[in-house]
Chemist: 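Questions regarding the structure given below will be posed in turn.
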Amino acid sequence: MKKQRIFWAVGFFTALVYLISCDNPYDQGRVIYEYHCANCHLSDGAGIGALIPPLKNADYLQENWEQLSCIIKYGLADTILVNGVEFNNPMAAIDELGAVEISNLINYLNHEWNMGNAPFITADGVKEQLEACD
Ligand code: HEC
């Protein structure tokens with residue numbers, strides 16, 4: 001009897017944690033951002049002077065959000081103009097992230113920092129973007 005109660009209590013608690021974590025779809029994206037991106041682009045997305053471009057309100061990102069999965073997965077080594085400043089330090093690929101993680105990360109960025117007209121993206125949407133990388 002007692003064991004059964006513990007069983008139900010554990011089950012209830014697990015379901016509750018699951019519901020709470022589903023309640024905020026941006027949490028996983030935030031954790032991934034802090035771990036994989038914030039050391040360069042900073043926690044507030046402001047970038048670092050002429051070395052690292054900003055992500056927050058970045059015109060480049062607003063115009064190229066369809067490329068974001070590719071930038072994350074394969075890096076970027078180009079001369080780019082972001083909000084009028086030229087950047088040409090390469091960004092290394094972060095290829096350990098899967099489609100679900102990338103979609104959570106992109107939705108987090110979109111939610112936090114204005115990526116223009118970028119829609120909510122699913123893991124399948126990320127896979128489609130990755131298939132189209134050049
Ligand atoms: C080691 C430093 C570093 C890390 C870590 C890093 N980036 Fe970058 N990122 C750069 C640099 C440098 C550029 C400029 C690349 C160029 O000029 O070709 C850049 C460019 C970009 C751009 C295009 C320019 C812009 O500002 O819109 C995006 C988008 C971007 N990074 C997103 C990310 C995301 C998302 C992550 C985490 C998954 C990440 N970066 C991790 C250094 C980094």
Side-chain angles (χ1 to χ4, degrees):
M1 207 44 200
K2 205 172 175 189
K3 258 191 198 155
Q4 212 174 22
R5 238 184 271 159
I6 292 173
F7 176 77
W8 284 115
V10 169
F12 178 72
F13 186 67
T14 311
L16 196 69
V17 168
Y18 180 67
L19 281 176
I20 291 170
S21 60
C22 286
D23 214 32
N24 192 340
Y26 304 111
D27 274 355
Q28 197 203 8
R30 176 177 297 123
V31 172
I32 294 171
Y33 181 81
E34 286 299 329
Y35 189 77
H36 289 285
C37 321
N39 44 350
C40 288
H41 294 281
L42 301 193
S43 285
D44 65 359
I48 304 174
L51 289 177
I52 310 279
L55 300 181
K56 183 178 183 174
N57 294 324
D59 58 357
Y60 183 89
L61 186 51
Q62 287 167 359
E63 286 154 23
N64 296 285
W65 58 264
E66 295 103 326
Q67 294 294 316
L68 189 47
S69 300
C70 300
I71 294 177
I72 294 169
K73 190 85 180 172
Y74 301 113
L76 186 66
D78 214 341
T79 298
I80 56 172
L81 206 61
V82 186
N83 297 345
V85 180
E86 197 176 280
F87 293 89
N88 56 17
N89 287 317
M91 168 177 150
I94 301 173
D95 71 349
E96 64 261 42
L97 295 177
V100 174
E101 290 165 312
I102 293 177
S103 66
N104 284 337
L105 175 55
I106 292 178
N107 289 325
Y108 168 71
L109 296 181
N110 199 9
H111 175 72
E112 289 293 293
W113 299 320
N114 179 20
M115 277 172 37
N117 292 318
F120 191 85
I121 192 165
T122 60
D124 283 341
V126 167
K127 284 180 195 157
E128 270 170 37
Q129 286 192 350
L130 289 176
E131 275 162 21
C133 296
D134 36 50

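Every number for a ligand or one of its atoms is a count from 1 in the order of the listing. On a predicted model such as this, the values are computed, not experimentally measured, just so you know.
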Chemist: What protein heavy atom sits nearest atom 28 (C) of ligand 1, and how far away is it?
Modeler: Leu55 CD2, 3.5 Å

Chemist: Under a 4.0 Å heavy-atom limit, does Asn64 contact ligand 1 with its side chain, its backbone, both, or neither?
Modeler: neither

Chemist: State the CD-CG distance between Gln62 and Leu55, to the nearest 0.5 angstrom.
Modeler: 11.0 Å

Chemist: Check for me whether the distance between the ring centres of Tyr60 and Trp65 falls short of 6.0 Å.
Modeler: no

Chemist: What part of Leu61, side chain from CB on, backbone N/CA/C/O, both or neither, has a heavy atom under 4.0 Å from ligand 1?
Modeler: both

Chemist: For residues Met115 and Leu109, report the shortest heavy-atom separation together with the two atoms involved.
Modeler: SD-CB, 3.8 Å

Chemist: Just to be sure I'm reading this right: ignoring hydrogens, which of Gly47, Pro53, Ala93 gets closest to atom 13 (C) of ligand 1? Compare them by their nearest heavy atoms.
Modeler: Pro53

Chemist: Could you pull out the closest heavy-atom pair between Ser103 and Val100, with the gap in Å?
Modeler: OG-O, 2.7 Å

Chemist: Provide, to 0.1 Å, the distance between atom 5 (C) of ligand 1 and the closest protein heavy atom, together with that atom's residue and name.
Modeler: His36 O, 3.2 Å

Chemist: Return the residue, atom name and 0.1 Å-rounded distance of the protein heavy atom closest to atom 7 (N) of ligand 1.
Modeler: His41 NE2, 2.8 Å

Chemist: With respect to atom 26 (O) of ligand 1, which of Ala58, Pro54, Cys40, Ala38 exhibits the smallest heavy-atom separation?
Modeler: Pro54

Chemist: What's the spacing between His36 NE2 and Ile102 CD1 if we round to 0.5 Å?
Modeler: 10.0 Å

Chemist: Within this structure, what is the CG-CD distance for the pair Asp44 and Glu112, rounded to the nearest 0.5 Å?
Modeler: 10.5 Å

Chemist: Does ligand 1 have any atom that is closer than 4.0 Å to a heavy atom of Ala92?
Modeler: no

Chemist: At under 4.0 Å between heavy atoms, is it the side chain or the backbone of Asn39 that contacts ligand 1, or both, or neither?
Modeler: side chain

Chemist: Looking only at heavy atoms, is any part of Leu76 under 4.0 Å from ligand 1, and if so is it the side chain, the backbone, or both, or is it neither?
Modeler: both

Chemist: For Glu34 and Ser43, what are the C-alpha separation, side-chain angles and deciding distance, and is it a side-chain hydrogen bond (donor to acceptor under 3.5 Å, both in side chains)?
Modeler: CA-CA 7 Å; Glu34 286 299 329; Ser43 285; 3.0 Å; yes

Chemist: Please report which non-hydrogen protein atom sits nearest to atom 36 (C) of ligand 1, along with the residue it belongs to and the distance in Å to one decimal place.
Modeler: Cys37 SG, 2.8 Å

Chemist: I'd like to check which ligand 1 atoms, numbered from 1 as shown, lie under 4.0 Å from a non-hydrogen atom of Phe87.
Modeler: 17 (O)

Chemist: Given 3.5 Å as the limit, does a donor-acceptor pair link the side chain of Asp78 with the main chain of Ile80, or not?
Modeler: no

Chemist: Can you pull out the closest protein heavy atom to atom 12 (C) of ligand 1? Residue, atom name and distance to 0.1 Å, please.
Modeler: Asn89 O, 3.2 Å

Chemist: What's the shortest distance from atom 17 (O) of ligand 1 to any protein heavy atom, and which residue and atom give it?
Modeler: Asp78 O, 3.1 Å

Chemist: Nearest non-hydrogen contact with atom 19 (C) of ligand 1 belongs to which option: Glu63, Met91, Glu86, Lys73?
Modeler: Met91

Chemist: Could you tell me, atom by atom, which parts of ligand 1 come under 4.0 Å of a heavy atom of Leu68?
Modeler: 29 (C)

Chemist: Looking at ligand 1, is there an atom of it that comes within less than 4.0 Å of some heavy atom belonging to Leu105?
Modeler: yes

Chemist: If I compare all heavy atoms of Asn110 with all of Ala118, which pair ends up nearest, and what's the gap?
Modeler: ND2-O, 2.8 Å

Chemist: Measure the OH-OG distance between Tyr74 and Ser69 for me, rounded to the nearest 0.5 Å.
Modeler: 10.0 Å

Chemist: Between Ala93 and Lys73, which heavy-atom pair has the shortest distance, and what is it?
Modeler: CB-O, 3.3 Å

